[in-house]
Colleague: 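Quick one: structure below, then a few questions.
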Amino acid sequence: MSKYDFKYLLQENGWLENVTVETDDNGIIKSINQLSSNSSENIGIPGFQNAHSHAFQYAMAGLAEYHPTTKSPDDFWSWRKSMYELALKIDPDQLEAIASMLYAEMVRHGYTHVAEFHYLHHDKKGKSFENIAEMGSRLIQAAKNAGINITLIPIFYQKGGFCKEATIEQRRFISNNIDAYMNLFEASKLLTLNKPHASIGFGIHSMRAVETENIIKVSNFRHDHIPFHIHVSEQIKEVEDSLHYLKARPVEWLSDNISLSKDYHLVHATHLVEKEINAIANSKANVVICPSTEGNLGDGIFPLRNYLSKNGNWSIGTDSHIGINPMEEIKLLDYGQRLTTNKRNTFSNLESGDSGFNALKTALQSGRKAMGNHHNSFFEIGKPLNAVVYSSEHPLLSSCSKKNLCNTLVFASDISMLKATIVNGNYIFNDGIHKNMGTIKHEFERALKVLEYR
Ligand SMILES: [Zn+2]
């Protein structure tokens, strides 16, 4: 049994004051009590949900910024070439080391859950490992090392593009047919059994990378709120190719051919037309927006303001991990809208004008769905305690009214205000220290040295 005191604790209906939360030995909340006063300086909000990650890409964060000095452009497709070079080098031990470091950094920034969109399946020659889900098992172990919850999404990656065979550089990603993918999925699912920190999801790399009949089959096979993730409409070229080969835009095709619902997570969905925006919002599906990566790759800006006018659901992800601060993701998302629409109230809605609260609430609730968790309450008896703790000692927070607290955290905080991250009832990060950082950092540096990558 453990006890946590908060000066303020954020619930789905607003702030509670002078709160004590008790958990059992498994980190499950047993009670939430409000007292007339307490001496705590802690401000608690729910742990962030990182709904889109490719862990191995953390090894190249910051390394793709030397651009050609000629006039030839550097874009998503040239970045992808560098990413493939890295993907071909990494062995299972190195993947575990890189992912452990990344996930520990996520915890330090307040994430308590990550959805890992995992497609680096095979050995360097493109052959299956003896355990076909070996690389997935390393990601689940990395999450354990780092003290974060993981939803492993083994990805179906079949082709090199619309009507294109996979290239030699893609050999580590490929499941040739639906049976190969389902075997991989089942082996990955087995890895999550009896592991409270792990769960499973279905994933299709993209419209261009899997035969459309197989996208439909995987969608039909999905059941029981297991989430379904897919990259979609990130690049204009992908939309043009889809129009050429399928006679429909990617989201248009998805909404016409599979039953989109609240279990579906469309990653990026950057380039949409009105009909597609309506289709996603009406189906209650979610978009996963990754503003720092989308900005870094020059993808484009998701039409959030329009989408929110239709009550669309969204969460955030850090994708290539060029940035891993959730508050920055939310701010970038908002500021992209402000800069392109000349309006400031991106997140306000008919119920509430509290921008910070509305953003935190949607990112949490859609983010949880990305993990297969459909609970809307922020903190609830019977559920694990996953929280980010800020210190009200900072002058902007110590002088802040409850009314402005969410907005101060979202729009005016920096990482130094984050005091602790509690995952499943344990302080994993506390007072500047991640409890396993020594070993994790050592293994990461060793792996990067062997890779001769940075
Ligand atoms: Zn991605």
Side-chain angles (χ1 to χ4, degrees), residues 49-61 63-64 75-87 90 95 98-99 102-103 106 111 113-121 135-136 139 150-161 169-170 172-174 201-210 215 227-239 242 250-251 254 264-272 285-302 314-324 326 329 332-333 363 366-367 370-371:
Q49 314 290 302
N50 190 336
H52 191 66
S53 162
H54 309 287
F56 77 89
Q57 294 179 14
Y58 186 55
M60 65 179 284
L63 299 192
D75 60 12
F76 171 87
W77 305 100
S78 45
W79 171 86
R80 191 178 75 157
K81 206 164 168 290
S82 310
M83 184 268 282
Y84 281 3
E85 284 167 18
L86 170 65
I90 294 173
L95 178 66
I98 294 164
L102 166 69
Y103 295 161
M106 284 185 191
Y111 287 110
H113 291 71
V114 58
E116 180 64 35
F117 196 100
H118 164 52
Y119 57 83
L120 189 56
H121 301 306
M135 295 294 254
L139 292 163
I150 185 170
T151 299
L152 181 68
I153 304 161
I155 293 300
F156 192 0
Y157 201 131
Q158 188 182 14
K159 305 184 302 167
E169 292 83 14
Q170 293 168 322
R172 301 190 70 179
F173 316 155
I174 300 301
F202 285 100
I204 299 285
H205 180 271
S206 54
M207 297 287 302
R208 66 177 186 273
V210 176
I215 299 175
F228 180 111
H229 291 236
I230 181 169
H231 285 138
V232 70
S233 298
E234 181 181 6
Q235 291 293 315
I236 289 169
K237 180 181 180 315
E238 182 192 344
V239 176
S242 177
V251 171
L254 283 174
Y264 285 75
H265 298 270
L266 311 187
V267 182
H268 306 301
T270 311
H271 303 286
L272 303 178
N286 311 270
V287 292
V288 183
I289 313 170
C290 309
S292 58
T293 291
E294 289 155 8
N296 186 265
L297 297 179
D299 289 345
I301 295 179
F302 177 79
W314 59 271
S315 61
I316 52 168
T318 60
D319 199 359
S320 71
H321 314 300
I322 189 70
I324 47 173
E329 299 299 329
L332 267 174
L333 177 60
S366 287
M371 320 293 165

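Quantities reported herein were computed from a predicted structural model and do not represent experimental measurements. Every number for a ligand or one of its atoms is a count from 1 in the order of the listing.
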Colleague: Taking 2.8 Å as the cut-off, does an N/O/S atom of His54 lie below it from the Zn ion (ligand 1)?
Modeller: yes
Colleague: Taking the six-membered ring for Trp, are His231 and Phe117 ring centroids under 6.0 Å apart?
Modeller: yes
Colleague: Tell me whether Cys290 has at least one N, O or S atom under 2.8 Å from the Zn ion (ligand 1).
Modeller: no
Colleague: Can a side-chain donor-acceptor contact be found between His321 and Ser53 if the only test is distance below 3.5 angstrom?
Modeller: yes
Colleague: Is there a donor-acceptor contact under 3.5 Å linking the side chains of Ser233 and Glu238?
Modeller: no
Colleague: Give a yes or no on whether Glu234 keeps an N, O or S atom under 2.8 Å from the Zn ion (ligand 1).
Modeller: no
Colleague: Between His268 and His52 (judged by ring centroids, cut-off 6.0 Å), do the two rings come close enough to count as a pair?
Modeller: yes
Colleague: For the Zn ion (ligand 1), find the closest N/O/S atom belonging to Asp319 and write down its atom name.
Modeller: OD1
Colleague: Just to confirm my numbers, could you give the angle made at the Zn ion (ligand 1) by NE2 of His231 and NE2 of His52, rounded to 10°?
Modeller: 90°
Colleague: Students often mix this up, so state it plainly: with edges at 30° and 60°, are the rings of Tyr119 and Phe56 parallel, tilted or perpendicular?
Modeller: perpendicular
